Amino acid sequence: MFMKVLQILFVFLPAFIWSQFQFVTSDSLAVISNNVELSMPFAGGLNYPQFSSIDYDFDGDLDLLVFDRSNNQIKVFEQQFNSVGSFYKYDPNGALLFPPDLRYRLFAIDYDGDGRKDLFAYGIGGVKVYRNTGDNTNGLSWEVAKELLFSDNWGELLALYVSSSDIPAIIDVDFDGDIDVLTFHIGGEYLRYHKNMSRELYGHSDSLVFELKNECWGAFREDVSTNSVFLNDQTTPCTTGNVSNPEFPQFEHKIMSETKAHSGSTILALDIDGSGVMDLVLGDVAFSNLNLMINGGSDVNQNSAMISTDPLFPSNSLPADMQLFPASYHLDVDFDGVKDLIVAPNAKNISENEKSVHFYKNTGTNEVSNFVFQQKDFLQVDMIEHGTGSIPVLSDVDGDGLIDLMIANIFSYKDVLDKESKIAYYKNTGSTSNPQFTLIDTDFQNLSDLELGLRMYPAFGDLNGDGKNDMILGLEDGTLSYFVNNSIGISPSYETPISNLKDASNTIIQNGLYAAPQLFDLNKDGLLDLIIGIKTGELIYYQI
């Protein structure tokens with residue numbers, strides 16, 4: 001069918017070509033899903049997001065900062081107003097205002113008390129801090145406050161350890177006006193309390209000077225093989241965690257001996273019941289639930305023990321059930337002045353990635369919280385969202401003379417802990433000059449049932465001369481499947497696919513992994529040619 005002309009076609013685009021045009025972001029195209037026009041269809045979706053609030057545009061209200069762990073990508077959602085009230089609007093240029101090369105995690109909080117939220121990010125083995133130096137006149141800007149946080153560990157200054165997979169609690173634990181850190185130790189069993197000594201030493205909060213005050217804050221231990229917790233734990237360091245140097249003489253030995261321990265915990269510290277001490281919401285790398293731990297102390301006892309656990313939090317509503325590794329975030333997202341609860345996965349590539357942002361509204365107060373489940377697709381419901389690695393293809397799929405939108409993906413999450421590849425079909429229900437895309441099918445032709453592997457890449461064109469656009473799928477193993485269009489009318493349908501498409505010499509077309517085909521008349525002979533991109537970057541050219 002196809003004759004290979006060039007083994008490899010390298011394309012070099014000189015710099016002057018790029019200077020001839022520029023792309024400008026536009027959200028003017030209408031996209032309809034479930035009979036509702038999406039408010040921000042091209043915001044790019046969310047997979048494994050982390051949430052903070054920040055006034056990034058210095059207009060006096062809090063916007064939403066989202067860091068997506070799947071590709072270390074920042075998204076900013078500006079708080080805007082209309083006659084109905086406040087809402088979030090995606091700012092496609094917002095990410096450019098933040099430091100580059102961020103990895104693993106990001107959290108915004110004002111540590112120095114100047115009214116501007118700073119950034120606590122990943123540093124090698126710990127925490128890196130950026131100070132917000134922006135203002136209303138010059139806009140957002142940053143300077144590195146600390147390349148890496150250190151903490152005085154009973155007289156020995158060491159990096160404040162936080163695993164790259166963890167989300168620590170960065171908050172004023174003891175309510176003295178400066179920002180402290182709660183983080184699990186290297187084995188993941190005990191929670192360490194690093195107290196910020198800025199207030200004690202200098203009388204203000206603008207310094208980042210930490211001391212390890214407790215090796216077993218909350219007096220509990222998390223089991224190494226489950227997410228169960230043991231209250232009032234009687235093992236070291238829980239019995240000796242406040243005395244001089246209880247652990248670090250054996251530090252290197254502990255690293256070697258803790259192979260059974262798990263690394264992977266998310267921590268949210270909040271005073272959920274108004275008792276004046278921090279309670280905890282814990283997520284675990286291997287489990288789908290959140291565990292609420294209630295602190296039995298009061299505002300006069302900041303070093304108290306946890307007295308109860310609730311592994312079905314929020315048990316007053318629909319308990320969190322997030323495949324996999326849930327993390328929770330405490331911030332107001334419905335603009336009522338009361339902080340809500342957001343739950344999202346923190347594990348890359350093995351978690352829910354289409355409806356992965358669960359919103360629990362706080363129907364209580366900021367002093368005594370009551371979180372009630374609202375939805376599983378917060379923000380995502382307003383976007384084109386089809387899992388990880390979207391592949392958009394524009395083609396007249398149904399033969400009505402209008403260009404439709406097909407969106408393939410690398411994978412969508414499939415219960416339980418599985419993946420599948422699908423193609424979403426958005427029919428152009430507008431016109432040539434004013435297109436409008438309406439979601440018809442999230443699994444076009446039920447292609448996922450064929451189990452062709454992940455990352456199906458479609459190309460469309462009339463290959464048999466019958467006036468209908470056929471379909472070729474490029475597959476992750478590098479082969480192609482050919483679908484002959486046998487539609488009658490404008491509802492697309494195809495014959496049973498021809499797998500392992502062959503060229504004119506009867507050789508299976510397979511030149512490398514992750515085949516990305518395009519059908520295009522490259523030599524201008526009136527016939528469609530086949531150009532295939534592969535994982536290693538080459539382009540393979542076949543003439544029909």
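Side chains are part of it too, since the values below use all heavy atoms of this structure and drop only hydrogens, waters and symmetry mates. Numbers here simply count residues along the sequence, with the first being 1. Small disclaimer: the values here were computed from a predicted structure and weren't measured.
- Proximity of a side-chain donor or acceptor of Asp63 to a complementary backbone N or O of Tyr56 within less than 3.5 Å is detected.
- Under 3.5 Å, the side chains of Asn289 and Asn227 contain a donor-acceptor pair of N or O atoms.
- Two rings, from Phe373 and Tyr360, have their centers less than 6.0 Å apart.
- Donor-acceptor pairing under 3.5 Å is lacking for the side chains of Asn434 and Ser431.
- A salt bridge is defined here as a Lys NZ or Arg NE, NH1 or NH2 lying under 4.0 Å from an Asp or Glu carboxylate O, and Arg131 with Glu143 meets this definition.
- Ring geometry, Tyr88 versus Phe335: the interplanar angle falls from 30° to 60°, so the pair is classed tilted.
- Aromatic pair His386/Tyr426: ring centres closer than 6.0 Å.
- For Thr133 (side chain) and Ser141 (main-chain N/O), a donor-acceptor pair under 3.5 Å exists by modelled atom type.
- Note that CG of Asp180 and CD of Glu211 are 11.5 Å apart. Values are rounded to the nearest 0.5 Å.
- Residues Lys75 and Asp68 are not paired through a salt bridge, judged by the lack of any N-O separation under 4.0 Å between the basic side chain and the carboxylate.
- Remark: Lys419 is positioned above the aromatic ring of Phe411, its terminal NZ or CZ atom under 6.0 angstrom from the ring centre and at most 45 degrees off the axis.
- With hydrogens and angles left out, the side-chain atoms of Asp178 and Ser205 include no donor and acceptor closer than 3.5 Å.
- Note that CG of Leu405 and CD1 of Ile440 are 11.5 Å apart. Values are rounded to the nearest 0.5 Å.
- With sequence neighbours excluded, the residues that form a ring pair (Phe, Tyr, Trp, His ring centres under 6.0 Å) with Phe378 are Phe359.
- Considering only heavy atoms from C-beta on, Gln79 comes within 4.5 Å of Phe81 through its side chain.
- For Asp166 and Ser265, the side-chain atoms include no donor-acceptor pair closer than 3.5 Å.
- Counted by atom type alone, Lys117 and Ser53 present one or more donor-acceptor pairs between their side chains at under 3.5 Å.
- Counted by atom type alone, Gln80 and Ser86 present zero donor-acceptor pairs between their side chains at under 3.5 Å.
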Kindly indicate, with the supporting measurements, whether the criterion side-chain contact (heavy atoms from CB on, under 4.5 Å) is fulfilled by Ser351 and Met322.
-> CA-CA 8 Å; Ser351 300; Met322 175 66 68; 5.9 Å; no
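- Checking Asn346 against Thr266 by side-chain atom types alone, no donor-acceptor pair falls below 3.5 Å.
- Under the 6.0 Å cut-off for aromatic ring centres, Phe51 and Tyr329 qualify, their centroids lying closer than that.
- In this structure, a donor-acceptor pair under 3.5 Å is present between the side chains of Asp174 and Tyr193.
- Salt-bridge formation is not detected for the pair Lys376/Glu352: no Lys NZ or Arg NE/NH1/NH2 atom is positioned less than 4.0 Å from an Asp or Glu carboxylate oxygen.
- Ion pairing between a basic and an acidic side chain is recognised when a charged N comes within 4.0 Å of a carboxylate O; Lys361 and Asp336 show such pairing.
- Side-chain polar atoms of Lys427 and Tyr425 form no donor-acceptor pair below 3.5 angstrom.
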Determine, step by step, whether Asp118 and Asp112 satisfy the side-chain contact (heavy atoms from CB on, under 4.5 Å) criterion, reporting the C-alpha distance in whole Å, the side-chain angles of both residues, the deciding distance to 0.1 Å, and the verdict.
-> CA-CA 8 Å; Asp118 311 293; Asp112 55 6; 3.3 Å; yes
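- Using a 4.0 Å cut-off between charged nitrogen and carboxylate oxygen, Asp176 and Lys195 count as a salt-bridge pair.
- A tilted orientation is assigned to the rings of Phe77 and Tyr90, their planes being inclined by 30° to 60°.
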